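Report on the structure given below.
Each chain gets a letter, A, B and so on, in the order its sequence line appears, and its residues count up from 1. Because the structure is predicted, anything quoted here is derived from the model rather than measured.
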Amino acid sequence: MPDPTIRVRIAPSPTGQLHIGTARTALFNFLYARHVGGTFVFRLEDTDVARNTTAYEEDIIGGLHWLGITWDEGPDVAGGGDIGAYGPYRQMERLDWYRAAAERLLAADDAYPCFCTPEELEADRKAQEAAKQPPRYVGRCANLTADERSARLAEGRRPATRFRVRPGVVGWDDVVRDRIEIDTANLGGDFVIVRADGTPLYNFTVVVDDAAMEISHVIRGEDHVSNTPKQILIYEALGHPVPVFAHLPLILNPDGTKMSKRKSQTAVDDYRAQGFIREGLVNYLAYLGWSPGTEEDILSLDDVVARFELTKVQKGGARFDRERLEWLNGQWIRKLAPDDLVDRLRPFLQAAVDDGRIGRMPTDDEVVALLPIVQERLPTLAAIVDLVGFLWTDDVPVDPAVLVPKRWDPAATREGLTAARDVLAAHDGVTWEADELEPPLRALVEERGWKAGDLFMAIRVATTGRTATPPLFDTLVALGRERTLARLDAARAALDGR
RNA sequence: GCCCCCAUCGUCUAGAGGCCUAGGACGCCACCCUUUCAAGGUGGAGAUCAGGGGUUCGAAUCCCCUUGGGGGCACCA
């Protein structure tokens with residue numbers, strides 16, 4: 001049931017790393033397109049030449065792909081060629097389109113050349129501010145005669161192009177917030193659509209491109225609501241049909257303000273580097289401002305596509321809750337198949353080797369063998385290092401103070417560790433399985449009248465350096481006989497050295 | 001200063017006039033399981049549906065006002 005009349009887009013500007021907010025907007029556009037069988041377009045708004053870099057372009061495209069978000073038209077790789085019949089999909093390659101559109105507006109007097117200098121505009125703004133007036137263009141160049149214009153041109157002054165804002169009210173039926181109407185008197189006067197240097201501005205290019213690419217639904221953040229009337233004015237002046245608008249609620253910092261780098265972690269890359277997986281992040285992001293209206297909470301990308309409705313989008317902003325993200329991430333990590341999980345864990349293990357947090361890289365087999373005891377304990381992939389890093393490090397620092405269980409004293413601990421060491425050393429060493437290690441140690445506890453927890457905790461700390469680990473006997477198996485005995489010896493020595 | 005938007009547990013949300021003595025999830029607290037930590041299970045605390053007026057037989061749901069919060073007011077996107 002593909003619907004060729006529905007075309008949506010994401011149009012990031014490559015001036016920074018992929019932002020959580022951009023990813024969410026891209027996701028919602030993708031979800032809508034896939035749900036209705038429409039077309040999803042990716043376009044690069046790269047007219048801010050001073051701040052663009054291909055590295056950011058790569059980061060954005062790579063990040064979206066990593067999340068599982070794909071598009072039907074646009075550049076598929078950084079710096080790469082376009083796919084699709086409505087290209088080019090980079091604004092810097094569409095300069096002719098903007099020039100032609102600007103000329104049409106100029107010819108129809110819907111726009112005019114403005115010779116105001118930055119100094120003049122700055123002075124106007126200062127005066128308005130002092131008078132507690134809202135900033136707006138005063139219209140100095142709005143009604144210049146042809147002679148006045150040519151005179152200024154003759155002086156060598158390069159004009160910007162301003163769009164003439166007509167009086168009246170502009171309104172639209174927003175899919176998420178119903179009817180919105182704004183008096184054009186509040187738009188700040190005629191606005192610039194082409195800079196004096198000839199490069200076009202956002203509110204203008206976005207309309208020219210969306211119209212040319214036949215975008216039917218503009219799904220974007222609420223921060224664009226105030227741009228919408230300006231854009232509608234341009235659509236009308238250009239004679240293009242106005243698309244349907246859907247303004248999504250913002251993603252907020254914990255304090256309720258618009259999510260920002262200053263107050264939150266906003267780069268998708270950073271979440272990825274911390275071991276969040278695409279399934280978890282996508283699931284979490286989908287629920288920021290949307291819900292299926294059921295009591296489901298673990299949904300795959302495909303599940304969300306099947307359930308997504310623009311009309312179920314929330315109006316109010318949603319604070320980013322990292323705790324919930326971690327829980328969801330853990331849920332998804334638990335669902336991964338062993339081989340898949342090992343593949344995803346490998347880079348995190350390698351990173352730990354590289355910066356010395358662990359001494360060596362475990363083999364895939366070693367990691368697979370460990371999954372039954374670690375998979376359900378990982379809120380993130382990166383947590384693997386904290387959880388069982390002691391397995392791949394030669395010297396595990398053991399703090400004598402934590403080595404002694406609460407009910408024991410150092411002497412008792414020494415005695416316990418010695419007895420445990422003897423019991424384990426008596427094991428033949430041919431096999432070394434959890435269900436072979438536990439019974440004799442429990443028998444030891446029984447015989448001495450100890451509490452199992454005390455002895456086990458002493459062994460745990462002695463062999464891992466930690467009080468919280470995966471189940472003890474599985475851990476000792478992973479450690480191996482020799483290292484288990486060696487660490488027990490070392491711990492006793494540490495106790496003696498006190 | 002001006003314009004616009006929003007408002008259900010701490011957080012994400014269900015709720016589209018009676019099914020709501022407001023449901024779920026995260027987080028929190030107990031208990032169970034248990035060698036620690038998780039996971040899982042059970043139960044609990046937690047929202048006078050921001051406040052006030054209407055409309056209606058009946059309002060979290062519709063209207064108005066107030067308050068609070070947010071977004072935007074560039075030759076940025």
Side-chain angles (χ1 to χ4, degrees), chain A residues 11-13 15-16 45-48 50-51 91 114 116-118 121 125 128-129 131-137 158-162 174 176-177 180-183 185-188 191-197 199-203 205-206 221-229 247 249-250 252 254-258 284 287-298 311-312 314-328 330 334 373-379 387 438 441-442 445 451-461 464 466-473 475:
Chain A
S13 76
T15 53
E45 310 221 320
D46 56 355
T47 53
D48 188 348
R51 295 191 297 154
Q91 293 193 321
C114 172
C116 295
T117 62
L121 296 172
R125 226 203 47 200
Q128 288 157 346
E129 194 177 325
K132 290 196 186 293
Q133 294 297 314
R136 77 182 337 263
Y137 177 59
R158 298 254 64 92
T161 304
R162 265 184 206 277
D174 198 280
V176 342
R177 35 208 92 220
I180 298 180
E181 292 188 340
I182 296 175
D183 192 319
N186 298 311
L187 260 30
F191 57 92
V192 175
I193 56 176
V194 181
R195 295 184 181 92
D197 69 3
T199 54
L201 261 9
Y202 171 74
N203 278 128
T205 58
V206 72
E222 188 192 343
D223 47 350
H224 283 284
V225 167
S226 57
N227 285 325
T228 307
H247 288 96
L250 261 21
L252 277 19
D255 67 2
T257 54
K258 180 178 164 186
Y284 180 70
Y287 272 84
L288 281 184
W290 173 87
S291 95
T294 61
E295 289 185 349
E296 305 167 287
D297 36 44
I298 309 293
T311 51
K312 285 182 179 167
Q314 200 83 7
K315 290 187 179 73
R319 291 170 212 242
F320 195 91
D321 179 1
R322 195 186 168 99
E323 304 246 40
R324 191 178 163 82
L325 204 212
E326 287 192 8
W327 172 76
L328 225 27
R334 270 165 239 149
I373 59 169
V374 299
Q375 189 158 12
E376 69 191 27
R377 279 165 241 267
L378 296 176
L387 188 61
E438 184 168 355
L441 284 173
R442 284 205 183 270
V445 163
K451 294 273 190 193
D454 292 333
L455 206 227
F456 293 174
M457 183 54 84
I459 297 174
R460 170 176 291 109
V461 175
T464 69
R466 318 189 45 131
T467 55
T469 68
L472 182 62
F473 303 105
T475 302

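Phosphate proximity of A77(B) to Thr47(A): present, with a side-chain N or O under 4.0 Å from OP1 or OP2. OP1 or OP2 of U35(B) has at least one side-chain nitrogen or oxygen of Arg442(A) nearer than 4.0 Å. For C75(B), one of the phosphate oxygens OP1 or OP2 lies less than 4.0 angstrom from a side-chain nitrogen or oxygen of Arg162(A). Remark: Arg322(A) is not in phosphate contact with U11(B), judged by side-chain N or O atoms under 4.0 Å from OP1 or OP2. The shortest distance between the side-chain N/O atoms of Arg136(A) and the OP1/OP2 oxygens of G72(B) is not below 4.0 Å. The shortest distance between the side-chain N/O atoms of Lys258(A) and the OP1/OP2 oxygens of G72(B) is below 4.0 Å. Listed pair Gln375(A) / A38(B) fails the phosphate criterion, with no side-chain N or O lying under 4.0 Å from OP1 or OP2. Remark: Ser226(A) is not in phosphate contact with C3(B), judged by side-chain N or O atoms under 4.0 Å from OP1 or OP2.
Of all nucleotides present, only C73(B) satisfies the Watson-Crick or G-U wobble test against G1(B), with each distance under 3.5 Å. Pair assignment for A25(B) gives U11(B), based on Watson-Crick or G-U wobble hydrogen-bonding distances that are each under 3.5 Å. Judged by Watson-Crick or G-U wobble contacts below 3.5 Å, the nucleotide G58(B) has no partner. In this structure, U48(B) makes no Watson-Crick or G-U wobble pair, since no nucleotide meets both defining distances under 3.5 angstrom.
Leu288(A) comes within 4.0 angstrom of sugar-phosphate atoms only, judged by non-hydrogen atoms across all strands, and of no base. Looking at heavy-atom distances under 4.0 Å, Tyr202(A) makes contact with a base. Nucleic acid contact for Ser291(A): sugar-phosphate only, since backbone atoms but no base atoms lie under 4.0 Å from a heavy atom of the residue. Among the heavy atoms of the strands lying under 4.0 Å from Phe473(A) is at least one base atom, whether or not backbone atoms are also near. Nucleic acid contact for Thr257(A): sugar-phosphate only, since backbone atoms but no base atoms lie under 4.0 Å from a heavy atom of the residue. Nucleic acid contact for Leu472(A): base, since at least one base atom lies under 4.0 Å from a heavy atom of the residue. Backbone-only engagement by Ser13(A) is indicated by non-hydrogen atom pairs under 4.0 Å involving sugar-phosphate atoms exclusively. Across all strands, His224(A) comes closer than 4.0 Å to base atoms (heavy-atom distances). At a threshold of 4.0 angstrom between heavy atoms, the contacts of Pro471(A) include nucleobase atoms, whether or not backbone atoms are also involved. Within the nucleic acid shown, Asn227(A) comes within 4.0 Å of at least one base atom, counting heavy atoms only. When heavy atoms are screened at a 4.0 angstrom cut-off, Pro470(A) is found touching base atoms of the nucleic acid. Within the nucleic acid shown, Ala452(A) has no heavy atom closer than 4.0 Å to any nucleic acid atom.
Look at the P atom in both G53(B) and A16(B): the space between them is 26 Å, to the nearest Å. The same atom, C1', is picked in C26(B) and in G70(B); the two are 24 Å apart, to the nearest Å. Only the P atoms considered, C12(B) is 23 Å distant from A39(B), to the nearest whole Å. As rounded to the nearest Å, G68(B) and C62(B) have C1' atoms that lie 22 Å from one another. Taking atom P on both G69(B) and U8(B), the two are 15 Å apart, rounded to the nearest angstrom. For the P atoms, the distance linking C19(B) with C49(B) amounts to 15 Å, nearest Å. Here the separation of U55(B) from C64(B), taken at their C1' atoms, is 11 Å to the nearest Å. Distance noted for atom C1' between C9(B) and G23(B): 12 Å (whole Å).
Put simply, the side chain of Arg319(A) gets close to the backbone of Pro254(A): a donor and an acceptor are under 3.5 Å apart. A donor-acceptor distance shorter than 3.5 angstrom exists from the side chain of Tyr284(A) to the backbone of Asp321(A), with no hydrogens or angles considered. Not one N or O on the side chain of Arg466(A) forms a donor-acceptor pair closer than 3.5 Å with the backbone of Leu387(A). Using modelled atom types, one side-chain atom of Thr475(A) and one backbone atom of Pro470(A) make a donor-acceptor pair closer than 3.5 Å. For Glu45(A) (side chain) and Tyr202(A) (main-chain N/O), no donor-acceptor pair under 3.5 Å exists by modelled atom type.
For Ile180(A), the listed nucleotide lying nearest its side chain is C5(B); candidates were A38(B), C5(B), C73(B). The side chain of Asp321(A) lies closest to U11(B), out of G70(B), U36(B), U11(B). Out of C2(B), A77(B), C6(B), the shortest distance to the side chain of Lys315(A) is found at C6(B). Minimum atom distance to the side chain of Pro135(A) is reached by G1(B), of the listed G1(B), C75(B), G24(B). The Asn186(A) side chain lies nearest to C2(B) when the options are C4(B), C37(B), C2(B). For Lys132(A), the side-chain atoms get nearest to G1(B) when compared with the rest of A25(B), A77(B), G1(B). Closest contact between the side chain of Val225(A) and the listed nucleotides C4(B), C5(B), A25(B) involves C4(B).
For Arg177(A) against C5(B), no side-chain N or O and base N or O form a donor-acceptor pair under 3.5 Å. Contact annotation: side chain of Arg460(A) to base of U35(B), donor-acceptor pair present below 3.5 Å. Judged by distance alone with a 3.5 Å cut-off, a donor-acceptor contact links the side chain of Arg324(A) to the base of A25(B).
Going from atom CG of Leu252(A) over to atom C1' of U13(B) covers 15 Å, rounded to whole Å. The CZ-C1' distance, from Arg319(A) to C12(B), rounds to 11 Å in whole Å. Protein atom CD of Glu222(A) is 14 Å distant from nucleotide atom P of C4(B), rounded to whole Å. Whole-Å rounding puts the Glu295(A) CD to U13(B) C1' distance at 10 Å. When rounded to the nearest whole Å, the span between CD of Glu129(A) and C1' of A74(B) equals 14 Å. When the C1' atom of U36(B) is taken as reference, atom CG of Leu455(A) falls 13 Å away, rounded to whole Å.
For the pair Gly316(A) and Pro118(A), both in contact range of RNA chain B, the more 5′-proximal nearest nucleotide belongs to Gly316(A). Both Gly289(A) and Gln133(A) lie near RNA chain B, and the one whose nearest nucleotide falls closer to the 5' end is Gln133(A).
The distance from atom CZ of Arg125(A) to atom CD of Gln133(A), rounded to the nearest 0.5 Å, is 14.5 Å. To the nearest 0.5 Å, atom CZ of residue Arg162(A) and atom CG of residue Leu201(A) are 10.0 Å apart. His224(A) NE2 to Leu250(A) CG: the interatomic distance, rounded to the nearest 0.5 Å, is 9.5 Å.
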Could you walk me through whether Arg195(A) and Thr199(A) pass the side chain to side chain donor-acceptor pair (under 3.5 Å) check?
CA-CA 5 Å; Arg195(A) 295 184 181 92; Thr199(A) 54; 2.8 Å; yes

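The aromatic rings of Phe456(A) and Phe473(A) sit perpendicular, their planes meeting at an angle over 60°, well past the 30° parallel limit.
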